[in-house]
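The sequence lines fix the lettering, A, B, ..., with proteins before strands; numbering per chain opens at 1. Values below: all heavy atoms of this structure, side chains included; hydrogens, waters and symmetry mates excluded.
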Protein chains: 2
Amino acid sequence: MSTGHFKHDLFSQFARVAKALSNGYRLELLEFLAQGERSVDALAQVSGLTVANTSQHLQQLRQTGLVINRKAGHKVYYRLSGMDVSALLGSLREVAERHLADVDRLVDDYLKVKDSLEPIPAAQLLERVRDGLVTVLDVRPPEEYAAGHLPGAINIPLAELEKQLDALDPSQEVVAYCRGPHCVLAFDAVAKLRERGVKARRLDGGLPEWRMEGFPVESSST
Amino acid sequence: MSTGHFKHDLFSQFARVAKALSNGYRLELLEFLAQGERSVDALAQVSGLTVANTSQHLQQLRQTGLVINRKAGHKVYYRLSGMDVSALLGSLREVAERHLADVDRLVDDYLKVKDSLEPIPAAQLLERVRDGLVTVLDVRPPEEYAAGHLPGAINIPLAELEKQLDALDPSQEVVAYCRGPHCVLAFDAVAKLRERGVKARRLDGGLPEWRMEGFPVESSST
DNA sequence: CAATTATTCAAGAGATCTATTGAATTAATG
DNA sequence: CATTAATTCAATAGATCTCTTGAATAATTG
């Protein structure tokens, strides 16, 4: 009555989920999906995979329940099936960072300035926004901004930051964010702003983390 | 300067960790290791794998930093490399449970009494132990008990429960626990005790969860 | 209704994963 | 120092995964 094949069957099911996560491209797709709904070819473009290949990866994710999809016109939009998936991805990232030397090296190499740009916690940002103390800057591409962004955030993609510097109130501190803890856009933006003498910090985490903490998200209707 | 291969390389590293988790046997090994240190052949026995096979799985886990090992005599003892690994396993389980219909079915079939045996949260148990209100019962095998158990817990493996019923104070409530949320031992023990008219509940989670919440663990020296 | 667009399906080559087997290490024991 | 015990290494066959290619499906447009 107690433990026949039950345990093993159960672990095999858990393993299916892990297997779905065991490919770099699929993780990349999931991270994009953590930003919000995306069509197959948007995902193909951003990941560099062919459309057919992207579709197949997405179906693997769907079969394990990590994503769900919806048809609109002749596009199919995918999204994460729940917040717990974001949490799982975060947990995976945390373990990898803590225990894989290779990850340390990669992160050190590319984000070496990380520590010098102390991030601001989400809750603290919310307060300051309410008090009108900061300008929230979303440096992601406009499509992603449209799909969902922090309340009151203005959108200036990194490439346009120099041109649109005057859109920012120079007396206010700027808090930049992008996709998540490993998205380099916000780092670059903060570095650029500081060069120009603008007080700037980075949000601790990106939109998915913000959403996961239960804070409000705005979206523009196209 | 921003995102050359960085992102992809990083995700590939994350994927390595997920790949290590993508096999049912490895997950099973990890769950046993979540109880505490174990030798290779103890793990081989409990998982039903050959020793050579177990060793190879363990080395895969070691290469991704999920476990670490130590030599003593001519045995090698493995253990989880950190609490974050337990958290990752928990997250994986949660997602699988929530999104895979197959898991629901399995769990329903085997643990159908789950809801009727309301578990007691760890923090609450600790209070009651301090107040001397409950008897804590560890129903795992003696080796596992020796490796680490809740403070003050008495050890009666499920098979011996009927014989040793008198070791329990019938006026006190019994709280049983075993390996974790899906370990059936505690369920069975509670069911058995209730049949005998003993007030019994189950701990919410098992030893790993207890440990992860930062509560103290006792161990017997052999 | 034909042409176009977005996505999925199907099949195959090459790489990777898994379990098995037997030999090789390494430490303890008599 | 030979023997034994616990673990690891190495090689192999069979299964599974990944990418590519080209065709099939389904919704939209002219």
Side-chain angles (χ1 to χ4, degrees), chain A residues 5 8-9 11-30 32-33 37-64 66-79 143 147 222, chain B residues 5 8-9 11-30 32-33 37-64 66-79 143 147 222:
Chain A
H5 298 163
H8 187 59
D9 292 346
F11 282 119
S12 297
Q13 294 300 319
F14 296 167
R16 283 181 56 204
V17 175
K19 192 169 293 175
L21 301 176
S22 71
N23 173 287
Y25 287 115
R26 282 197 292 273
L27 290 177
E28 214 166 328
L29 292 173
L30 287 171
F32 284 115
L33 290 173
E37 248 187 9
R38 291 295 150 79
S39 68
V40 176
D41 82 342
L43 288 164
Q45 282 192 2
V46 89
S47 66
L49 294 167
T50 63
V51 172
N53 205 350
T54 303
S55 173
Q56 289 184 9
H57 280 300
L58 287 170
Q59 272 161 72
Q60 284 189 57
L61 294 174
R62 198 163 67 97
Q63 275 162 24
T64 47
L66 293 170
V67 305
I68 47 187
N69 60 5
R70 137 185 108 80
K71 231 173 196 164
H74 51 194
K75 291 200 176 192
V76 177
Y77 291 93
Y78 281 83
R79 65 176 184 280
E143 313 86 69
T222 35
Chain B
H5 299 161
H8 188 58
D9 293 346
F11 282 119
S12 297
Q13 294 300 318
F14 297 165
R16 282 182 56 206
V17 175
K19 191 170 292 176
L21 302 176
S22 72
N23 174 285
Y25 287 116
R26 283 198 291 274
L27 289 176
E28 215 164 330
L29 292 173
L30 287 171
F32 284 116
L33 290 174
E37 246 187 11
R38 293 294 150 81
S39 67
V40 176
D41 81 342
L43 288 164
Q45 281 191 3
V46 90
S47 65
L49 294 167
T50 63
V51 173
N53 205 349
T54 304
S55 174
Q56 289 184 8
H57 280 301
L58 287 170
Q59 273 161 71
Q60 284 188 57
L61 294 174
R62 199 163 66 95
Q63 276 162 24
T64 45
L66 292 170
V67 305
I68 49 189
N69 60 4
R70 137 186 109 80
K71 233 174 195 162
H74 51 194
K75 292 200 174 191
V76 177
Y77 291 93
Y78 282 82
R79 65 176 184 282
E143 314 85 70
T222 35

Take atom CD of B/Q63 and atom P of D/dT8, then tell me their distance rounded to the nearest Å. 12 Å
Pair A/L29, A/V46 - check side-chain contact (heavy atoms from CB on, under 4.5 Å), show working. CA-CA 9 Å; A/L29 292 173; A/V46 89; 5.6 Å; no
Whole Å only: how far is the CG atom of A/L43 from the C1' atom of C/dT8? 15 Å
Taking CG from B/L29 and P from C/dA19, how many angstroms apart are they, rounded to a whole number? 11 Å
Who are the side-chain contact (heavy atoms from CB on, under 4.5 Å) partners of B/R16, not counting sequence neighbours? A/L100, A/D102, B/Q13, B/T64
Give the B/S/- string for nucleotides 10-18 of chain C, one per nucleotide from 5' to 3', where a protein heavy atom under 4.0 Å of the base yields B, of only the sugar-phosphate yields S, and otherwise -. B------SS
Check side-chain contact (heavy atoms from CB on, under 4.5 Å) between B/A15 and all other residues, then give those that pass, not counting sequence neighbours. A/L27
Hey, is the main chain of B/R26 close enough, under 3.5 Å, to the side chain of B/N23 for a donor-acceptor pair? yes
Going by the rule side-chain hydrogen bond (donor to acceptor under 3.5 Å, both in side chains), which residues pair with B/S55 if we only count those two or more places apart in sequence or in a different chain? B/Q59
Summarise protein proximity over nucleotides 1-7 of chain D in one line of letters, 5' to 3': B for base, S for sugar-phosphate only, - for none, counting protein heavy atoms closer than 4.0 Å. ----BSS
Nearest whole angstrom, please: distance from the C1' of C/dT8 to the CG of A/N69. 11 Å
Run A/L30 and A/L21 through side-chain contact (heavy atoms from CB on, under 4.5 Å) and show every step you take. CA-CA 9 Å; A/L30 287 171; A/L21 301 176; 3.4 Å; yes
Do any side-chain atoms of residues 67-75 of chain A form donor-acceptor pairs under 3.5 angstrom with protein atoms, and if so which ones, sequence neighbours left out?
| residue | atom | partner | partner atom | Å |
| --- | --- | --- | --- | --- |
| A/N69 | ND2 | A/Y78 | OH | 3.3 |
| A/R70 | NE | A/E37 | OE2 | 2.7 |
| A/R70 | NH2 | A/E37 | OE1 | 2.7 |

Working for side-chain contact (heavy atoms from CB on, under 4.5 Å), residues B/L58 and B/L33: CA-CA 11 Å; B/L58 287 170; B/L33 290 174; 4.2 Å; yes
Measure the distance from CZ on A/R70 to C1' on D/dA26 and round it to the nearest whole Å. 17 Å
Provide, to the nearest angstrom, the distance between the CG atom belonging to B/L61 and the P atom belonging to D/dT8. 12 Å
